[in-house]
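For reference, the structure discussed in these notes is given below.
Residue numbers start at 1 and run along the sequence shown. Counting starts at 1 for both ligands and their atoms, in listed order. For clarity, every value in this text was computed on a predicted model and none was experimentally measured.
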Amino acid sequence: MKEIVLSGIRSTGNLHLGNYFGALRNFIKMQDENLCYFFIADLHSLTTHPDPVNFHENVKTVLAEYLASGLDPEKSVIFVQSSVPEVSELYTLMNMLAYVGELERTASFKEKVRKHPNNVNAGLLTYPVLMAADILIHRANKVPVGKDQEQHLEMTRVFARRFNNMYNVEFFPEPAAYNFGTELIKIPGLDGSGKMGKSEGNGIYLADDEKTIRKKVMRAVTDSGPAVPGAPMSEPVKNLFVILETVSDADTVSFFKDRYDAGEIRYGDLKKQLADDICKITLPIRERILEIRNNEKYLSETVRYGVAKARESAAATLAGVKEIMGFKSFY
Ligand code: TYM
């Protein structure tokens, strides 16, 4: 039986290497083997109060970058979160099952409170509930995500289980990460610490041109080189190796690892290789982004087609949930 796969990306900016390798790689295989739903999480992006002037343009940008990465609207269901109002209704219902204490303990919520103490809105607190609604509305059982979304996925399983137990049904499956056969990954940023993120200014975007990519990689933080052969790697250098392992072949990685261990590595060479291999992956995607982004007709037809299919599946789930919860129609 085909698995139901669901993947989401917030419409807060251009897609970067972290998004690509965390959630989108192996698109082709994923689409051929499963029933895939891919959507743009525009409601989730509202927690940071984006400018209404750019709001819709951001959605179109992510849509174009999604498609340019290899998504095929003939095979997968592609839609925008806010165009499927059933998601918001399920979110309301699931909020009744989510406890404030567990939401407050979520790592991402605590981090937002620390970083943006003046914008601790309720949408941030219930962010994992909306994400659970996204997943459960299609009764997805596989969710491709990076390491940073692991806890949110775990909470989705908790909510699904709680619903099933509370109403004594086997309605929602407990979704697992689609991990591409490996551990969930975290692509680090180029600034020496932390993950690559849209708002961190430490990323390489799928839409970057070659010159920009080379400049960013050559400026990536390193150290002054291994003091002696076999010296342990510093965090920034480890991070570059993580990216190298993701974009380059095994021989290239072991060549540079050997150089490092021998105390003979030249970071300039490592960065050049890294930039070459990143360009090989992203530049063809960039070309397609440029083609697709201004094709308004293609973008709107794709979404219209996808939204209709997504709403069909969402309406069926929502009807099931409401029946289980005891809603009855007056007419
Ligand atoms: P977002 O938009 O921050 O990221 C989209 C996807 O990219 C992955 N990702 C990374 N993976 C590895 N290394 C990184 N540096 C990195 N940065 C981002 C994320 O893990 C994610 O898979 N809440 C979600 C969007 C969402 C969603 C969903 C995802 C809403 N509803 C339902 C899956 C299912 C988010 O903010 O992702």
Side-chain angles (χ1 to χ4, degrees), residues 4-27 30 36-48 50 58-59 61-63 65-66 69 71 77 79-82 84 87-88 90-91 94 106-109 111-112 123-157 159-160 175-180 182-191 193-206 239 242-243 245-247 310 314:
I4 299 179
V5 174
L6 178 122
S7 170
I9 296 203
R10 259 174 314 146
S11 50
T12 38
N14 294 84
L15 301 194
H16 52 66
L17 278 187
N19 299 134
Y20 185 74
F21 286 105
L24 311 183
R25 91 197 123 124
N26 274 341
F27 252 168
M30 214 151 62
C36 293
Y37 291 87
F38 293 101
F39 76 98
I40 297 149
D42 57 343
L43 295 174
H44 274 112
S45 82
L46 289 171
T47 56
T48 54
N58 290 343
V59 172
T61 297
V62 175
L63 174 65
E65 297 184 353
Y66 241 152
S69 303
L71 254 191
V77 181
F79 62 99
V80 179
Q81 188 183 33
S82 61
V84 182
V87 170
S88 298
L90 183 62
Y91 165 58
M94 296 307 284
T106 313
S108 58
F109 179 71
E111 192 189 321
K112 296 281 181 207
L124 277 178
L125 183 69
T126 57
Y127 188 107
V129 187
L130 181 54
M131 188 159 154
D134 291 326
I135 298 169
L136 298 175
I137 197 87
H138 298 294
R139 301 215 253 171
N141 31 33
K142 283 277 155 38
V143 186
V145 282
K147 185 98 185 130
D148 60 320
Q149 298 296 323
E150 202 170 28
Q151 190 182 25
H152 289 160
L153 199 53
E154 174 57 28
M155 292 175 81
T156 301
R157 285 193 285 273
F159 300 145
Y178 189 120
N179 60 6
F180 308 98
T182 53
E183 285 281 290
L184 292 188
I185 58 168
K186 177 179 108 175
I187 300 291
L190 298 173
D191 51 355
S193 68
K195 68 165 179 164
M196 191 174 284
K198 286 184 191 131
S199 45
E200 320 297 333
N202 63 2
I204 291 185
Y205 298 99
L206 300 181
N239 286 350
V242 171
I243 304 178
E245 277 165 16
T246 314
V247 298

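In terms of polar-atom proximity, defined here as any N/O pair under 3.5 Å, Gly146 does make such a contact with ligand 1. For ligand 1, the polar-atom distance check against Ser7 finds no nitrogen or oxygen pair separated by under 3.5 Å. Polar contact check, Gly18 against ligand 1: a nitrogen or oxygen pair lies under 3.5 Å apart. Here's the thing with Leu6: none of its N/O atoms is less than 3.5 angstrom from an N/O atom of ligand 1. For ligand 1, none of its N or O atoms has an N or O atom of Lys195 under 3.5 Å away. On a distance-only criterion, Tyr127 and ligand 1 share at least one N/O pair closer than 3.5 Å. At a 3.5 angstrom cut-off on N or O pairs, Val143 does not count as close to ligand 1.
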_Audit row: Phe38, Ile9, side-chain contact (heavy atoms from CB on, under 4.5 Å) steps and yes/no_ = CA-CA 8 Å; Phe38 293 101; Ile9 296 203; over 6 Å; no
*Start with the C-alpha distance between Phe109 and Leu124, add both sets of side-chain angles, then the distance that settles side-chain contact (heavy atoms from CB on, under 4.5 Å), and finish with yes or no.*
CA-CA 7 Å; Phe109 179 71; Leu124 277 178; 4.1 Å; yes
*asked:* Checking Leu6 against Phe39 for the side-chain contact (heavy atoms from CB on, under 4.5 Å) test, could you report, in this order, the C-alpha distance in whole Å, the side-chain angles of both residues, the deciding distance, and whether it holds?
replied: CA-CA 8 Å; Leu6 178 122; Phe39 76 98; 3.7 Å; yes
*What do the steps show when you test Asp134 against Tyr37 for side-chain contact (heavy atoms from CB on, under 4.5 Å), and what is the final call?*
CA-CA 10 Å; Asp134 291 326; Tyr37 291 87; over 6 Å; no
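A distance of 10.0 Å separates CZ of Phe21 from CD1 of Ile243, quoted to the nearest 0.5 Å. In this structure, the separation between CG on Leu63 and CG on Leu71 is 9.0 Å, given to the nearest 0.5 Å. Between atom CG of residue Leu206 and atom NE2 of residue His16 there is a gap of 9.0 Å, rounded to the nearest 0.5 Å.
At a heavy-atom cutoff of 4.0 Å, ligand 1 is contacted by the side chain of Ile135 but not by its backbone. Using a 4.0 Å cut-off between heavy atoms, Gln81 makes no contact with ligand 1 at all.
The nearest protein atom to atom 21 (C) of ligand 1, hydrogens excluded, is given as Gln149 CG, 3.9 Å; this is a heavy-atom distance. In terms of protein heavy atoms, atom 3 (O) of ligand 1 is closest to Arg10 NH2, 2.7 Å. Summary of contacts: the protein heavy atom closest to atom 7 (O) of ligand 1 is Asn19 ND2, 3.1 Å. Among all protein heavy atoms, the one lying closest to atom 28 (C) of ligand 1 is Met131 CG, 3.4 Å. Nearest protein neighbour of atom 17 (N) of ligand 1, counting heavy atoms only, is His16 CE1, 3.4 Å. Scanning the protein for heavy atoms near atom 12 (C) of ligand 1, the closest one is Ile185 O, 3.2 Å. When only non-hydrogen protein atoms are considered, atom 22 (O) of ligand 1 lies nearest to Val145 CA, 3.3 Å. The closest protein non-hydrogen atom to atom 20 (O) of ligand 1 is Asp148 OD1, 2.5 Å.
The shell of residues lying under 4.0 angstrom from ligand 1, judged by heavy atoms, excludes Lys147. Ligand 1 is approached by Phe39 to a heavy-atom distance shorter than 4.0 Å. The closest approach between a heavy atom of Lys198 and any atom of ligand 1 is below 4.0 Å.
Using modelled atom types, no side-chain atom of Asn58 and backbone atom of Thr12 make a donor-acceptor pair closer than 3.5 Å. For Lys198 (side chain) and Arg10 (main-chain N/O), a donor-acceptor pair under 3.5 Å exists by modelled atom type.
Closest heavy-atom approach to atom 29 (C) of ligand 1 among the candidates Ala133, Ala23, Ala140, Gly8: Gly8.
You'll find the side chain of Val77 stays beyond 4.5 Å of the side chain of His138, heavy atoms only.
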